[in-house]
Amino acid sequence: MSGVPVGQVQLGQYGPASHVIAHISDTHFLGAGRPLYGTVDTDTPLHEALAQLERSGQPIDALVFTGDIADTGETDAYRRIRDLVESAADRLGARVIWVMGNHDKRAPFRSELLRETGNGASAAAPVDAVHDLDGLRLIALDTSVPGYHHGAISAEQLAWLAEVLREPAPHGTLLALHHPPIPTMVSLMSLLELRDQAGLAEVIAGSDIRGILGGHLHYATTGLFAGIPVSVAAATCYTIDPSAPARQLTGVRGGQSINLVHVYPESVVHSHVVLGDFDPATRFDSEFLARIEAMSPGERTEAFSRQA
C-alpha cells in the first residue's frame with residue numbers, strides 16, 4: 001500500500017493515495033523483436049514507460065496491462081515482455097496484472113505470462129481473475145472472443161462477476177478489461193466494441209466498482225458506464241489519431257502514453273503520462289519544495305499562490 005514518503009508534508013486538502021497503479025495497454029509485441037507492420041518499434045516505448053515509472057519515484061502498487069500484450073500470440077513475444085516487465089516490477093516493488101485482449105491467445109497467455117500449467121478446456125477458458133492489492137480489489141475480466149476482434153462477456157462470466165461483487169472490498173474494486181464499454185468516435189472501431197453491454201451494466205450497477213480500466217482503442221479517452229468512470233489507456237506501440245479526417249482510421253507512430261491511477265478514499269484519479277523526454281519549459285525542484293514545506297500554510301499561500 002502506498003504512503004507519504006518520509007518527510008513529505010501534506011500541502012492541500014487531500015491526503016496521500018492509498019494505492020497507485022500504472023495502467024498500460026496494447027503493447028502488441030511480436031516474436032524475435034520484429035517490428036509491428038514492419039516499421040513500428042513496439043519495444044522501445046515500453047522500455048521508456050517503465051523507465052519513467054522508475055524515475056518518478058512513485059510508490060507503484062501494480063502494473064496493470066489491459067490487453068493485446070502480444071500481437072499474434074507468439075510464445076516468444078510473451079516471454080520477452082514478461083521478462084522485461086517482471087524485472088521492472090521487482091525494482092518498483094509492484095505486482096504485475098495481465099488482462100487478455102483480442103490479439104492475445106489464451107493458451108500461451110496462461111503458460112507464459114501467468115506461468116500456469118494445463119491444457120485442453122482449462123487452457124481455452126476465459127482468463128478471469130481477482131487480485132487483492134492490500135484491500136483494493138482488482139478484477140481482470142476477459143472480453144476476448146477467440147478468432148474475432150470484437151469483445152463479449154458470456155453469461156457464465158457475468159454470473160461469476162456477480163458472485164465476486166457480492167461482498168465489497170475494503171478499498172473498493174477496479175474492473176480491468178480490454179474492450180471499454182463506452183462509445184468510440186472512430187466509426188470503424190465501433191464494429192470491434194464490447195457487445196451486449198446491458199448485461200454487464202446490470203451486474204455492476206450499484207456495486208463497489210470505483211473505476212473501469214480499458215484499452216483496445218489506441219487513444220486515451222474517458223466516459224461513464226452504469227454510473228462508473230471508465231478510463232482508457234492509449235497504446236504504447238502506436239496510437240490512433242482521433243483528429244484524422246472523417247471516415248478514416250489512421251494509426252500514427254507518436255503520442256504513446258500510459259495512465260497513472262491514484263486511489264483515494266474520496267476519489268479515483270486517472271492521469272495521462274506521455275512517453276518520451278522533452279525539454280523543460282519551467283521547473284520547481286525538490287529544494288524549492290522543501291522550502292515551501294517548511295513554511296506555515298499562510299506563508300505558502302503568499303509564496304506560491306499570490307500573483308506577482
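No hydrogens, no waters, no symmetry mates; every other heavy atom, side chains included, goes into these values.
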Approximate separation, where rounding is to 0.5 Å, of [X] [atom1] and [Y] [atom2]:
| X | Y | atom1 | atom2 | value |
| --- | --- | --- | --- | --- |
| F65 | M100 | CZ | CE | 15.5 Å |
| T66 | D26 | OG1 | CG | 6.5 Å |
| H178 | D104 | NE2 | CG | 7.5 Å |
| H216 | I240 | NE2 | CD1 | 8.5 Å |
| L53 | L63 | CG | CG | 6.5 Å |
| H23 | H272 | NE2 | NE2 | 12.0 Å |

Identify whether [X] and [Y] are in the same connected component of the hydrophobic contact network (ILVMFWY, side-chain heavy atoms under 4.5 Å).
| X | Y | answer |
| --- | --- | --- |
| V268 | L175 | no |
| V261 | L177 | no |
| V164 | I97 | no |
| V127 | L158 | no |
| L30 | V40 | yes |

Would you say [X] has more than 12 foreign heavy atoms packed within less than 6.0 Å of its [atom1]?
| X | atom1 | answer |
| --- | --- | --- |
| E54 | CD | yes |
| D196 | CG | no |
| E287 | CD | no |

Sub-4.5 Å side-chain heavy-atom contact between [X] and [Y]:
| X | Y | result |
| --- | --- | --- |
| V99 | L213 | no |
| W98 | V85 | yes |
| T222 | H270 | no |
| L136 | I21 | yes |
| W160 | L141 | yes |
| I212 | P181 | yes |
| C237 | H218 | yes |
| T301 | E299 | no |

Please check if the side chain of [X] supplies one atom and the backbone of [Y] the other of a donor-acceptor pair under 3.5 Å.
| X | Y | result |
| --- | --- | --- |
| S56 | Q58 | yes |
| R106 | S144 | yes |
| D76 | A32 | yes |
| R195 | G151 | no |
| S87 | L84 | no |
| R95 | H131 | no |
| T239 | G254 | yes |
| S18 | Y264 | no |
| Q10 | G12 | yes |
| R137 | V130 | no |

Give a yes or no on whether the ring-centroid distance for [X] and [Y] is below 6.0 angstrom.
| X | Y | value |
| --- | --- | --- |
| F304 | F288 | yes |
| H171 | H19 | yes |
| H103 | H28 | yes |

| said: Before you tell me yes or no, could you show the steps for Y219 and T184 under side-chain hydrogen bond (donor to acceptor under 3.5 Å, both in side chains), namely the whole-Å CA-CA distance, both residues' side-chain angles and the distance that decides it to 0.1 Å? | reply: CA-CA 10 Å; Y219 64 90; T184 172; 2.7 Å; yes
| said: Under the criterion side chain to side chain contact (heavy atoms under 4.5 Å, CB included), I'd like the reasoning laid out for N102 against D68: C-alpha separation, chi angles, the key distance, then a yes or no. | reply: CA-CA 6 Å; N102 50 281; D68 283 1; 3.6 Å; yes
Grab the two heavy atoms, one from [X] and one from [Y], that are nearest each other, plus how far apart they are.
| X | Y | value |
| --- | --- | --- |
| A233 | S25 | O-CB, 3.8 Å |
| H262 | V20 | CD2-CG2, 3.6 Å |
| V64 | A176 | CG1-CB, 4.2 Å |
| G73 | P108 | O-CG, 3.5 Å |
| R210 | G172 | CD-CA, 4.0 Å |

If you measure from the Lys or Arg side-chain nitrogens to the Asp or Glu carboxylate oxygens, is any gap between [X] and [Y] under 4.0 Å?
| X | Y | answer |
| --- | --- | --- |
| D83 | R79 | no |
| R91 | E86 | no |
| R55 | D277 | yes |
| R34 | E74 | yes |
| D41 | R253 | no |

| task | Take L161 and L165, measure what side chain to side chain contact (heavy atoms under 4.5 Å, CB included) needs, and give me the verdict at the end. | result | CA-CA 6 Å; L161 180 60; L165 293 172; 3.9 Å; yes
| said: Just by distance, no angles: are the side chains of S231 and N259 close enough, under 3.5 Å, to form a donor-acceptor pair? | reply: yes
| message | When you compare the side chains of D128 and Q157, does any donor N or O come within less than 3.5 Å of an acceptor on the partner? | response | yes
| request: Please lay out, stage by stage, how L275 and L46 fare under the test side chain to side chain contact (heavy atoms under 4.5 Å, CB included). | output: CA-CA 9 Å; L275 303 183; L46 182 57; over 6 Å; no
| task | Test side chain to side chain contact (heavy atoms under 4.5 Å, CB included) on F109 and L114 and set out the steps. | result | CA-CA 7 Å; F109 186 101; L114 306 184; 4.1 Å; yes
| query | Given D208 and T173, is the side-chain hydrogen bond (donor to acceptor under 3.5 Å, both in side chains) satisfied, shown in steps? | reply | CA-CA 6 Å; D208 75 335; T173 296; 2.9 Å; yes
| request: Just say parallel, tilted or perpendicular for the rings of H150 and Y148, cut-offs at 30° and 60°. | output: tilted
| Derivation and outcome, ring-ring contact (aromatic ring centres under 6.0 Å, His included), residues Y78 and F29 | CA-CA 8 Å; Y78 285 130; F29 270 37; 9.8 Å; no
